[in-house]
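For reference, positions follow the sequence shown, starting with 1. On a predicted model such as this, the values are computed, not experimentally measured, just so you know.
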Amino acid sequence: MIGEARTIARIVELIHIPIQHAPEPLRDIYREVSGSCGYDNFLRQQEGARLEAATEGGAVSRVSFQRDRITFHEELGNVTLDQFRQRIDEVVTVAGERLGIPLFILRTVTQRVVIASPGGRHATQFLGENVFRLGAVELGSFGRAVHLVGLRLNLPSSDPKVGSHQVRLEAYLRDPRSLFVEDLATFKLPVPARDKERLAVELREVEEVVNERVGAFLSQFPKG
């Protein structure tokens with residue numbers, strides 16, 4: 001049985017019609033959301049700005065405003081999905097008013113998780129022997145050790161309200177006994193910037209793919 005997934009990163013890009021940002025509206029956004037969202041720093045960038053939270057241990061928590069998108073990035077922290085969604089809601093509500101963003105024409109949602117390899121085996125061994133069913137005999141022609149790093153899956157969508165997903169399933173480089181899963185989902189149906197529930201639905205869809213769908217796939221192995 002596959003272990004429980006641990007989220008290590010979430011990245012959301014909300015893409016809108018290009019805007020020529022002025023510094024003061026971005027500073028106004030920072031002043032309004034810094035307390036509720038925990039952002040401690042305001043950094044001007046070319047064509048925009050970045051708001052960052054003070055973190056430790058390599059964690060990342062920031063939102064950046066670029067000419068054509070708002071990007072949220074949470075990595076190696078302890079922010080739950082609900083907390084992340086609330087942070088997005090707060091920033092989008094304020095930014096939509098201050099910057100005059102009527103809708104998001106495209107969204108991408110990336111979630112990365114780590115899962116312990118079944119039985120504590122090395123992830124490359126689990127993938128090779130169970131998912132690919134390739135062992136020493138099948139790989140012997142290479143004349144050396146072969147590590148099966150992983151696979152990529154394309155999950156297209158025929159419904160414009162449902163995202164298309166690009167899933168990576170690989171051995172985790174930082175821990176050879178863990179599996180790394182990444183889902184990069186793209187949602188192409190334009191939505192009003194004020195539609196918080198639509199954004200929440202898309203976040204939950206990605207959460208379902210990396211936790212339930214990938215988990216169900218991996219739980220099939222070993223077979224027989």
Would you give the length of the straight line joining atom [atom1] of [X] to atom [atom2] of [Y], rounded to the nearest 0.5 angstrom?
X      : Y      : atom1 : atom2 : value
Thr108 : Leu184 : OG1   : CG    : 6.0 Å
Ile19  : Asp68  : CD1   : CG    : 9.5 Å
Glu202 : Leu14  : CD    : CG    : 9.0 Å
Gln166 : Arg152 : CD    : CZ    : 8.5 Å
His165 : Glu208 : NE2   : CD    : 8.5 Å
Gln125 : Glu129 : CD    : CD    : 4.5 Å

Salt bridge check, [Y] against [X]: does any charged N sit closer than 4.0 Å to a carboxylate O?
X      : Y      : result
Glu197 : Arg204 : yes
Glu32  : Arg98  : yes
Arg31  : Glu24  : yes
Asp89  : Lys196 : no
Arg10  : Glu207 : yes

Using only heavy-atom distances, determine whether the side chains of Thr110 and Glu182 contain a donor-acceptor pair under 3.5 Å.
-> no

Residue pair Arg87 / Ser61, side-chain donor-acceptor N/O under 3.5 Å | yes

Going by the angle between their ring planes, with limits at 30° and 60°, are Phe104 and His16 parallel, tilted or perpendicular?
-> tilted

Taken in chain and number order and not counting sequence neighbours, the residues that satisfy salt bridge (Lys or Arg N to Asp or Glu O under 4.0 Å) with Glu90 are none

Qualifying residues under salt bridge (Lys or Arg N to Asp or Glu O under 4.0 Å), relative to Arg6, sequence neighbours excluded | none

Give a yes or no on whether [X] and [Y] share a hydrophobic cluster (residues Ile, Leu, Val, Met, Phe, Trp, Tyr; joining criterion: side-chain heavy atoms under 4.5 Å apart).
X      : Y      : result
Leu169 : Phe132 : yes
Leu155 : Leu179 : yes
Phe221 : Ile115 : yes
Leu199 : Ile29  : yes
Val206 : Val201 : no

Do you know which two heavy atoms are closest between [X] and [Y], and how far apart they sit?
X      : Y      : result
Leu189 : Pro160 : CB-O, 3.4 Å
His21  : Glu47  : CD2-O, 3.2 Å
Val109 : Phe187 : CG2-CE1, 4.0 Å
Phe65  : Ala95  : CE2-CB, 3.9 Å
Ser178 : Asp175 : OG-OD2, 2.9 Å
Leu127 : Val149 : CD1-O, 3.5 Å

Compare all side-chain heavy atoms of [X] with those of [Y] and state whether any distance is below 4.5 angstrom.
X      : Y      : value
Ile88  : Leu203 : yes
Leu103 : Asp195 : no
Ser64  : Gln45  : yes
Thr7   : Gln111 : yes
Thr71  : Ile11  : yes
Thr80  : Phe84  : no

Just wondering, are more than 12 heavy atoms of other shown residues or ligands nearer than 6.0 Å to [atom1] in [X]?
X      : atom1 : result
Arg194 : CZ    : no
Ile17  : CD1   : no
Arg213 : CZ    : no
Asp159 : CG    : yes

Checking [X] side chain against [Y] main chain: does a donor-acceptor pair fall under 3.5 Å?
X      : Y      : result
Glu205 : Gly163 : yes
Glu97  : Val94  : no
Glu212 : Val209 : no
Asn130 : Phe126 : yes

Carefully, step by step, assess Val167 and Val214 under the rule side chain to side chain contact (heavy atoms under 4.5 Å, CB included).
-> CA-CA 9 Å; Val167 178; Val214 173; 4.1 Å; yes

Considering only Ile, Leu, Val, Met, Phe, Trp and Tyr, and joining two whenever side-chain heavy atoms are under 4.5 Å apart, list the other residues clustered with Tyr172.
-> Ile8, Leu76, Val114, Phe180

Decide side chain to side chain contact (heavy atoms under 4.5 Å, CB included) for Phe72 and Val92; before the verdict, give the C-alpha distance in whole Å, the side-chain angles of both, and the deciding distance to 0.1 Å.
-> CA-CA 11 Å; Phe72 295 84; Val92 167; 4.3 Å; yes

Give me the one residue out of Val63, Val60, Val12 that meets side-chain contact (heavy atoms from CB on, under 4.5 Å) with His73.
->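 Looking at Val63, Val60, Val12, the match for His73 under the side-chain contact (heavy atoms from CB on, under 4.5 Å) is Val60.
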
